[in-house]
Amino acid sequence: MNHYKLTGHAATTPAVASRKGRRSIASVAGKLWNERYLYLLLLPGLLYFIIYRYVPMLGNVIAFQDFSPFQGFLHSDWVGLKHFKKVFEDREVIRVIWNTLYLSFLQIAFAFPVSIALSLMLNEVRGERYKRVVQSLVYLPHFLSWVVVAGIVTVMLKSDGIVNHFLQTGFGIPAIPFLTAPHWFMPLIVLEVIWKESGWGTIIFLAALAGVNPHLYEAAVVDGANKWRQIWHITLPSIRSTIIILLILRLGSVLDVGFEQIFLMLNPLNKEIGDVLDTYVYYKGIQNSDFSFATAVGLFKSLVGLILIVGANKLAKRFGEEGIY
């Protein structure tokens with residue numbers, strides 16, 4: 001009985017398949033050896049992601065356990081989706097999710113466009129020396145820690161700070177409780193993000209603007225288009241794909257509005273509106289030692305971010321854009 005069928009070409013026997021497999025492995029090993037120095041350069045970055053990004057993901061298993069540090073991962077009781085059900089049943093969690101979404105929406109609506117507008121303005125500057133000075137000044141806040149930024153804001157906006165002093169002496173306006181009034185919390189956070197990160201966000205947009213064909217502007221000038229028309233019909237369409245990709249990536253972190261900044265600006269008077277998922281996980285997981293519930297909240301946040309990235313990427317492709325993959 002013939003165990004091997006011949007279909008057009010000679011049948012591949014196990015011995016032949018084995019030899020091909022060995023040659024393939026030898027070929028890959030040879031390429032790795034020939035480019036060994038390049039892979040050595042890659043090794044530190046690869047180890048960083050493995051050790052600090054992928055290995056800690058194994059800790060997400062405690063979201064399905066009543067984790068006890070004394071019993072460890074292997075001996076803690078499994079409870080399934082108990083903590084995830086609690087996420088949707090706890091009114092405090094719903095309030096915190098709403099605060100996070102609202103703040104993230106404000107940052108996307110107001111902080112994200114500022115980087116685009118700033119890039120367009122810098123792109124129109126013709127004096128190279130002046131342009132470099134301005135770029136350096138707008139990049140600088142990015143390198144300040146949130147501790148420094150929060151300290152500057154606190155000193156300037158406290159009841160006897162420079163802002164309230166100016167309002168009182170210049171306009172006769174009584175002191176405004178910027179740091180304690182709940183309705184001032186969200187605007188302050190967004191303004192801090194704009195001041196600190198908008199300049200740094202222009203780097204990618206300026207790189208995209210550098211690739212715009214200058215002949216398009218020359219043709220537009222011949223057709224009588226003014227500067228606003230050139231920006232609207234040439235500049236913005238040329239960087240549209242970059243804007244969409246960055247917006248998709250931003251949507252992926254829609255539930256991640258930053259821990260340090262929020263934590264430093266929180267106080268008992270604005271905690272009701274200022275508490276977000278990151279600070280809530282800290283209070284629950286670290287201060288109250290509810291590790292499993294805090295991990296479930298964090299895992300839920302990551303899952304929402306993944307769904308938003310995939311959905312936004314598919315939507316972008318449906319409208320003819322490239323997307324991120």
Side-chain angles (χ1 to χ4, degrees), residues 90-118 121 133-134 136-202 250 253-288 290 294 297 301:
D90 193 332
R91 289 188 176 181
E92 189 178 5
V93 177
I94 302 301
R95 174 185 62 81
V96 168
I97 291 175
W98 168 251
N99 290 344
T100 307
L101 289 173
Y102 182 55
L103 180 56
S104 188
F105 169 77
L106 291 178
Q107 291 184 1
I108 292 174
F110 294 101
F112 185 76
V114 171
S115 294
I116 302 172
L118 190 57
M121 289 188 286
V133 171
V134 173
S136 299
L137 290 176
V138 297
Y139 293 166
L140 187 61
H142 170 78
F143 298 99
L144 299 177
S145 70
W146 279 117
V147 177
V148 175
V149 174
I152 294 172
V153 171
T154 301
V155 169
M156 293 184 66
L157 298 182
K158 61 183 181 178
S159 299
D160 56 347
I162 186 172
V163 174
N164 275 314
H165 178 73
F166 175 74
L167 293 175
Q168 287 175 325
T169 57
F171 301 95
I173 300 175
I176 300 174
F178 292 107
L179 301 175
T180 55
H183 62 274
W184 276 106
F185 182 82
M186 295 289 186
L188 281 179
I189 294 297
V190 175
L191 288 173
E192 288 175 9
V193 171
I194 291 174
W195 180 78
K196 187 176 186 294
E197 301 296 344
S198 293
W200 187 255
T202 62
R250 180 64 186 83
S253 58
V254 71
L255 294 181
D256 186 9
V257 292
F259 169 77
E260 261 187 282
Q261 181 193 14
I262 307 297
F263 183 74
L264 292 167
M265 297 299 295
L266 277 179
N267 57 60
L269 297 176
N270 61 24
K271 192 173 185 298
E272 184 72 18
I273 195 171
D275 206 10
V276 295
L277 276 172
D278 291 322
T279 55
Y280 181 76
V281 167
Y282 168 77
Y283 292 129
K284 276 288 191 180
I286 304 300
Q287 292 192 349
N288 296 342
D290 194 351
V297 174
K301 183 180 74 171

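These numbers come from the heavy atoms of this one structure, side chains and all, not from hydrogens, waters or symmetry mates.
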Selection residues 148-167 - residue pairs positive for ring pair (Phe, Tyr, Trp, His ring centres under 6.0 Å), sequence neighbours left out: Phe166-Phe171

Pairwise distance CG(Leu103) to CD1(Ile108) - rounded to 0.5 angstrom: 10.0 Å

Ile97 and Thr100, any side-chain heavy atoms less than 4.5 Å apart: no

CZ/Phe105: more than 12 non-hydrogen atoms of other groups inside 6.0 Å: no

Any Val148 side-chain heavy atom under 4.5 Å of Ile152 side chain: yes

Side-chain donor/acceptor of Asn99 to backbone N/O of Glu272, under 3.5 Å: yes

Sub-4.5 Å side-chain heavy-atom contact between Thr279 and Lys271: no

Check against side chain to side chain contact (heavy atoms under 4.5 Å, CB included), Leu191 and Val153: CA-CA 10 Å; Leu191 288 173; Val153 171; over 6 Å; no

Met121/Val134 under side chain to side chain contact (heavy atoms under 4.5 Å, CB included): CA gap, chis, key distance, verdict: CA-CA 11 Å; Met121 289 188 286; Val134 173; over 6 Å; no

Tyr283 OH to Leu266 CG distance, which is reported to the nearest 0.5 Å: 5.0 Å

Side chain to side chain donor-acceptor pair (under 3.5 Å) partners of Lys301, counting only residues at least two apart: Asp278

Check: Ile189 and Met265 side chains under 4.5 Å, non-hydrogen atoms: yes

Heavy-atom side-chain contact between Phe112 and Gln107 under 4.5 Å: no

Min side-chain heavy-atom separation Val281-Ile286 under 4.5 Å: no

Atom of Val96, atom of Leu277 and distance for their closest heavy-atom approach: CG1-N, 3.2 Å

Polar side-chain atom of Lys196 near backbone of Leu144 as donor-acceptor pair, under 3.5 Å: yes

Where Trp195 and Pro141 come nearest, the two heavy atoms and their spacing: O-CB, 3.5 Å

Under 3.5 Å donor-acceptor, Asn164 side chain and Leu167 backbone: no

Nearest-0.5 Å distance that lies between atom CH2 in Trp98 and atom CD1 in Ile273: 10.0 Å

Heavy-atom pair of closest approach, residues Ser115 and Gly201: OG-CA, 3.9 Å

Rounded distance (nearest 0.5 Å) linking atom CD of Glu92 with atom NZ of Lys284: 6.0 Å

Residue pair Ser198 / Ala111: nearest heavy atoms and the distance that separates them: OG-O, 4.2 Å

Report, one line per pair, each donor and acceptor closer than 3.5 Å where one atom sits in a side chain of residues 175-187; sequence neighbours left out.
none

Parallel, tilted or perpendicular, as decided by the 30° and 60° cut-offs, for the rings of Phe259 and Tyr282: tilted

Sole candidate of Val114, Ile116, Leu118 that passes side chain to side chain contact (heavy atoms under 4.5 Å, CB included) when paired with Thr202: Leu118

Side-chain touch Ser104/Arg250, heavy atoms, less than 4.5 angstrom: yes

More than 12 heavy atoms of other groups within 6.0 Å of Leu140 CG: yes

Ile173 versus Gln168, closest heavy-atom pair with distance: O-CG, 3.1 Å

